[in-house]
Structure formats: C-alpha cells, structure tokens
Amino acid sequence: MNGQVTAPGKIILFGEHAVVYGKPAIAIPVSGMRASAWSESSKEGLTINALDIGQKFKLKDSNNQFSVLAQSVLAKTNFNEPNLTINLSSKLPQGSGMGSSAATATAVCRALSKHLGVDLEANEISELVFDAEKIVHGTPSGIDNTVIAYEMPVYFIKGKKPKTFEPGREFFLIIGDTGIEASTKKTVSKVRKNWQKEPGLMDGYFDEIERITENGKKAIENGDSKMVGEMMDENHDLLNSIGVSHEELDKLIDIAKDAGALGAKLTGGGGGGNMVALAETKSEQKKIYKAITEAGYRAYQTSFGEE
Ligand code: PMV
C-alpha cells in the first residue's frame, strides 16, 4: 500500500451562466469533500480501480480520462508502465457541479506521480487533468482543474488563463442540495433561448453579474464577509431573472437566510441541484446546516481561506 492522496471538490461562487457569455466567474475549493486515491503493487501493469462506479480501467484503454491521464503522466515523466493498481474513491456526488470528474482525475495523477517518486507542481497537474478532460469531455472550461489542483479560489474568464487569488480570511459555507437532479446542459440552453429572444435585457443582466463577480472577488480578498453575502444575494436575484432558479432552491435559500446566513445563491447550472450559503462564524454555519438538514435536505459544511 502506498499512502493516500486526495483532491478537493469545487463550487462556483459567482458568475455561473454569465461566464458562457464572456463574463468572469469565481470558483472555490470544497476542501471537506474530497476524492481519494491509494495505490498497491500489481502483477499486470497499471489498473485504475474506480471503486464507486465498480469499474476498472487499464492503461491502454483510450476512452476514459483516467487512462488518458496516466498515459500523459508516464509520457511526461519518461517512465514505463508500472505494475500498480490505483484505487479511487470519491465523496463528491457525480454530476452535481462539485467537480467530481476533475477531482478524481487529480487524485489519480497525484497517486501515480507519488508512486513514481516525481514531484509535479500544481500547474503541471492542472494542465495534465485539463488535457485528459478535453479528450473525454469535449470542451471543459478549465476552471475545475485549476481550482482543484491549486486548492485556491480561482477567477476565470473563458479562453483566458485562470488566475488564483488569496482570500483575506476564512469563509464558512453551507451547501444545500435540493435533491432535484438538474441538467446544466438544459439550463444553459434555456438561457441561450432567453438571450436570443431578448438580447438587450439578458446582456444587461450579464453586465450586472459581472459587476457582482468583480465586487465579490474584492470582498473575498478583503475578508469582507458581509459584502460577499450581499453579492451572493444579488447574484441569485439575477440568476432568477435569467430563468435558472427553482422553487426548491428559493426555499433552501429562505431557510438559510432565516437561520442567519449573510447571503445565499444557487450554484452551478441551477434548475435544481445545489445552493450555497455564507455564515459569519463556524457556530453560525452549524446553525444554518442544522436548519437545512432538519427541513429534510442534504447539506454539507465547508470553508475556504486561511484558518
Ligand atoms: O454546474 P457546474 O459547476 O458544472 O457549472 C456550470 C456553470 C455554467 O456557467 C452554468 C455552465 C458553464 O459551462 O460554465
């Protein structure tokens, strides 16, 4: 057995949907929910054993991101195929906008490079994961692999190099799950239709979201949690206006706000899925988490920034 390595999940804090139209977005790591990988020696080359989905991938398979990634790691480091099984398990729900795909790939990359005795830098891991995701998922934006490899907040504009930045304090979050499976593809195409119908109005909303994202970034850097909360509320109102909220999301947001949240919004594609709320302190965070779970929803507590 070779020690465990991990990678965090992520959520989008500001700018989802507007980012499709060239506006900035901010994503943050979810350090409490991670993908883990650990390796053991084998007799027959490299196998990636994805325990949660009960599937095994060999190095030569070319239609999955793990094999493609392992091939690139070996090519980059000039090693031959090792006799190794990399076991993989993840606490991140799949297809929930929490970065499960990039987090599991990052964990595999870390496990393999650790076995080889090679120290890969965060930017190298991020690029390797991005390239593997491109082959398998078509056109990933690059935000997930960056925020996950660096485990830092990321400011992102489509087509530009993502930039990491430092929060001015620790921010306490609660993620609430509506339990409604939502398709990002569907909400993205709904927004596209609304934009085609009323481009002037929608562009106005996107401009507003851009202002919020910029202010949100400054507030995170300044450690101004009240301002971050305000910006989250405003961002949610605009996401409602562009047509991607859901009554269950609004209900969760009300529960969080009633329990003392500084701000709350849907996160990711919307139309169901998750909302994220901000708490001033760890004990406030617990209170909001309790209110959401007592109302019958699944919730997670996480924080980002220095402790
Ligand atoms: O649900 P996630 O985290 O995959 O985010 C979707 C974000 C959108 O802006 C709605 C779509 C996109 O491709 O950026």
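When a ligand or atom number is given, it counts from 1 through the structure's own listing order. Since the model is a prediction, treat every value here as computed from it, not as a measurement.
- Taking the six-membered ring where the residue is Trp, Trp195 and Tyr21 present tilted rings, their angle falling between 30° and 60°.
- Under 4.0 Å from ligand 1, the heavy atoms of Lys10 that appear belong solely to its side chain.
- Counting only heavy atoms of the protein, atom 7 (C) of ligand 1 lies nearest to Ile12 CD1, 3.7 Å.
- For CZ of Arg211, the number of neighbouring non-hydrogen atoms (other residues, nucleotides, ligands) closer than 6.0 Å is greater than 12.
- With rounding to the nearest 0.5 angstrom, the CG atom of Leu239 is 15.0 Å from the NE2 atom of His246.
- Residue Ile12 holds its CD1 atom at 7.0 Å from OG of Ser141, rounded to the nearest 0.5 Å.
- The closest protein non-hydrogen atom to atom 6 (C) of ligand 1 is Thr184 CG2, 3.7 Å.
- One distance of note links CG of Asn222 with CG of Asn215; it measures 10.5 Å at 0.5 Å rounding.
- Close contacts between ligand 1 and Gly268 involve ligand atoms 1 (O), 5 (O) [criterion: under 4.0 Å to a heavy atom].
- Relative to the ring axis of Tyr155, Lys217 places its NZ or CZ within 45° and under 6.0 Å from the centre.
- Nearest protein neighbour of atom 14 (O) of ligand 1, counting heavy atoms only, is Val19 CG1, 3.3 Å.
- Taking a cut-off of under 4.0 Å to the non-hydrogen atoms of Gly97, the atoms of ligand 1 that pass are 1 (O), 2 (P), 3 (O).
- Closest protein heavy atom to atom 13 (O) of ligand 1: Val20 CG2, 4.2 Å.
- Each of the following atoms of ligand 1 lies closer than 4.0 Å to a heavy atom of Glu16: 9 (O).
- Less than 4.0 angstrom separates some heavy atom of Gly269 from each of these atoms of ligand 1: 1 (O), 6 (C), 10 (C).
- Those atoms of ligand 1 with a heavy atom of His17 less than 4.0 angstrom away are 8 (C), 9 (O), 10 (C).
- Taking a 6.0 Å sphere around NZ of Lys58, one finds it holds more than 12 heavy atoms contributed by other residues, nucleotides or ligands.
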